[in-house]
Amino acid sequence: MKQIVVIGGGPAGVEAAVAAAKGHAQVTLIGEGPIGGRTGWDSLLPSKVWLHAAELAGVATHAAAAGVTVGAVHVTSTEVLNRIKAVAQRWSEREAQRLQAAGVKVVHGVAAFHSPHELIVRNDDSQQTLTADAVIIATGSVPRFPPTMKPDGQRIIAPRFASHLNTLPPDMIVIGGGPTGSEFASLFSRLGVKVTWLVGAPGVLPMFDPAAGAALAAAMTAHGVTIHQIDVERVERTESGVVVTTADGATHIAAMAFLAIGRVPDLSRLNLAAAGLAVGANGQLAVDNYGRTVAGHIFVVGDAAGGPMLANRALAQAWIAGRTAANLPVPGYCPHTVVSAVYTVPEIAQVGIVAGGEGELQRVRASYTASLKSYLSDETEGWVELIYDATNRQIRGGIAVGTHAADMLAPVALAIQTGATIAELAAVFAAYPTLSEVVFAAARAVK
């Protein structure tokens, strides 16, 4: 029986292990901490609980302004932290049950290669050696901080401190214009914190379509967030708070600072040289569409494989690598079907090819007002844009800005996967009334 070892107990590791276990293989998962990994306990899940709290606060405020009573909604840090612990525990238990049901053996410890097919697993008081026919690395990523910008866990914090943030300051400087910085700037503002957002020279959401980034910047400014498009040089703690110095020499003062300035693959403890692997200049291991490295039997998935660091991308790569390692049929990874989403207000999402191809790509946009549901829920501020090939009319990409934007693009991702044309998308009529009607209304707007 083939022996497959998965390194990493986060979502990608669990997905890879369960997928591999569907083949005729004995699968072992090595996890350093509780099942769920940093994603479930320290970063993604805690941030989404905070976002949900901000959403509830926003709903209550919006309803009150409209003269509608929705019940008492008062968000406290203690309630949010307790909610984080409860949800993380329940999710961890659910993932552990998936592994158990699939017959995956779980080993706790830190893994490192001893040879291409041997791993040494160390924990506090012992170590063991595992032999593997295939290894899937799903060790995630760690934050990177320049020497002049490092968190102290109290006044200068980062995403991993979201599960320990026991009080909200009166004002906050958020540093970083990517998805994480955007989400935390949005949630802090929605929870009543005065936010100064230093997004860096590339601007707000530089990896997204410019129209989407501009829409978010405008909405955040309207909500009272002060945005500066300038690089940060230094973050320092003072007796009363923090002072942030930017590249133009200006200083910004607040009670706290939040750093969201990037992550790198967590590969340093694996002793990759013993497996015959070397990390490239970009800090990554090169992989093919099935996650295979040059070693052939060693795979890398998710954040450990580099950016874009998206949870759904990690799950897709993990599922593919798991099945490939177990000799099960599976299509190669297609980056164009992965929806990138930012859970701000408004929500931002995109999928597929959204830029370039001048003259080869056409665009069509529909407003949320194309759906009756947007009026019923008073969510008319938003739009969906479809990008399609000018010659064969196949869907190539999509952008959504507004409530439930990420959900809106699910049919667009499927259209890209199946090679559907704009006419085929136009022929679909979603349930009425729903916001998803807007996607198909956009397709029908094409002459």
Side-chain angles (χ1 to χ4, degrees), residues 33-34 36-65 70-93 143 145 149-176 178-198 219-220 223-226 235-244 252-261 263 311 342-345 347:
R38 284 183 290 254
T39 295
W41 292 92
D42 299 319
S43 56
L44 186 147
L45 186 150
S47 72
K48 297 306 180 276
V49 174
W50 275 108
L51 283 165
H52 182 63
E55 181 182 353
L56 291 178
V59 168
T61 301
H62 184 72
V70 297
V73 178
H74 179 63
V75 177
T76 68
S77 295
T78 299
E79 291 171 334
V80 174
L81 296 186
N82 288 338
R83 179 65 175 164
I84 288 171
K85 292 176 183 177
V87 175
Q89 184 62 45
R90 290 177 60 191
W91 184 251
S92 179
E93 292 171 355
F145 301 108
M149 286 184 275
K150 290 193 174 183
D152 62 9
Q154 296 176 329
R155 291 179 183 163
I156 305 172
I157 62 173
R160 70 175 186 267
F161 296 104
S163 56
H164 308 289
L165 187 59
N166 54 22
T167 185
L168 290 173
D171 49 12
M172 173 85 75
I173 298 172
V174 176
I175 301 168
T180 302
S182 299
E183 289 181 353
F184 275 92
S186 180
L187 77 86
F188 285 138
S189 176
R190 296 282 157 179
L191 291 174
V193 178
K194 180 176 175 57
V195 174
T196 298
W197 190 15
L198 307 180
M220 297 280 271
H223 198 262
V225 175
T226 300
V235 181
E236 299 171 289
R237 176 173 174 163
T238 66
E239 291 185 3
S240 58
V242 297
V243 58
V244 178
H252 303 270
I253 298 172
M256 294 179 66
F258 184 91
L259 307 179
I261 51 180
R263 303 180 68 85
V342 186
Y343 300 97
T344 49
V345 178
E347 199 167 293

field: Minimum heavy-atom distance Ser182-Val342, with the two atoms named
entry: CB-CG1, 3.9 Å
- prompt: To the nearest 0.5 Å, what is the distance between CG (Asn82) and NZ (Lys85)?
  reply: 6.0 Å
- request: Using atom types as modelled and distance alone, determine if a side-chain donor or acceptor of Thr196 lies under 3.5 Å from a backbone N or O of Thr226.
  value: no
- prompt: For Tyr343 and Ser186, what are the C-alpha separation, side-chain angles and deciding distance, and is it a side-chain contact (heavy atoms from CB on, under 4.5 Å)?
  reply: CA-CA 9 Å; Tyr343 300 97; Ser186 180; over 6 Å; no
Those residues that, when tested against Glu93, pass salt bridge (charged side-chain N to carboxylate O under 4.0 Å, His left out) (two or more places apart): none
query: What distance separates Gln89 CD from Ile84 CD1, expressed to the nearest 0.5 Å?
result: 14.0 Å
- prompt: Got a second to check how far Met149's CE is from Ile175's CD1, nearest 0.5 Å?
  reply: 6.5 Å
Name each donor-acceptor pair under 3.5 Å that joins a side chain in residues 44-51 to protein atoms two or more places apart or in another chain, with its distance.
| residue | atom | partner | partner atom | Å |
| --- | --- | --- | --- | --- |
| Ser47 | OG | Ser43 | O | 3.4 |
| Ser47 | OG | Leu44 | O | 2.7 |
| Lys48 | NZ | Glu183 | OE1 | 3.1 |
| Trp50 | NE1 | Ala162 | O | 2.7 |

field: Which atom of Trp197 lies closest to which atom of Val225, heavy atoms considered
entry: CB-CG1, 3.8 Å
Distance-only donor-acceptor pairs under 3.5 Å for side chains of residues 151-158, two or more places apart:
| residue | atom | partner | partner atom | Å |
| --- | --- | --- | --- | --- |
| Asp152 | OD1 | Gln154 | N | 2.8 |
| Asp152 | OD1 | Arg155 | N | 2.9 |
| Asp152 | OD1 | Ile156 | N | 2.9 |
| Asp152 | OD2 | Arg237 | NH1 | 3.0 |
| Gln154 | OE1 | Arg237 | NH1 | 2.6 |
| Gln154 | OE1 | Arg237 | NH2 | 3.4 |
| Arg155 | NH1 | Thr238 | O | 2.4 |
| Arg155 | NH1 | Glu239 | O | 3.0 |
| Arg155 | NH2 | Glu239 | O | 3.0 |

field: Nearest-0.5 Å distance, OG1 of residue Thr180 to CD1 of residue Ile261
entry: 11.5 Å
message: Using a 6.0 Å cut-off, check whether atom CZ of Arg160 has over 12 heavy atoms from anything other than its own residue.
response: yes
Inter-residue atom distance Met172.CE - Ser189.OG, 0.5 Å rounding: 11.5 Å
- prompt: With side chains defined as the heavy atoms from C-beta onward, is the minimum distance between Phe258 and Leu165 less than 4.5 Å?
  reply: no
field: Straight-line distance of Phe184 CZ to Leu191 CG, nearest 0.5 Å
entry: 11.0 Å
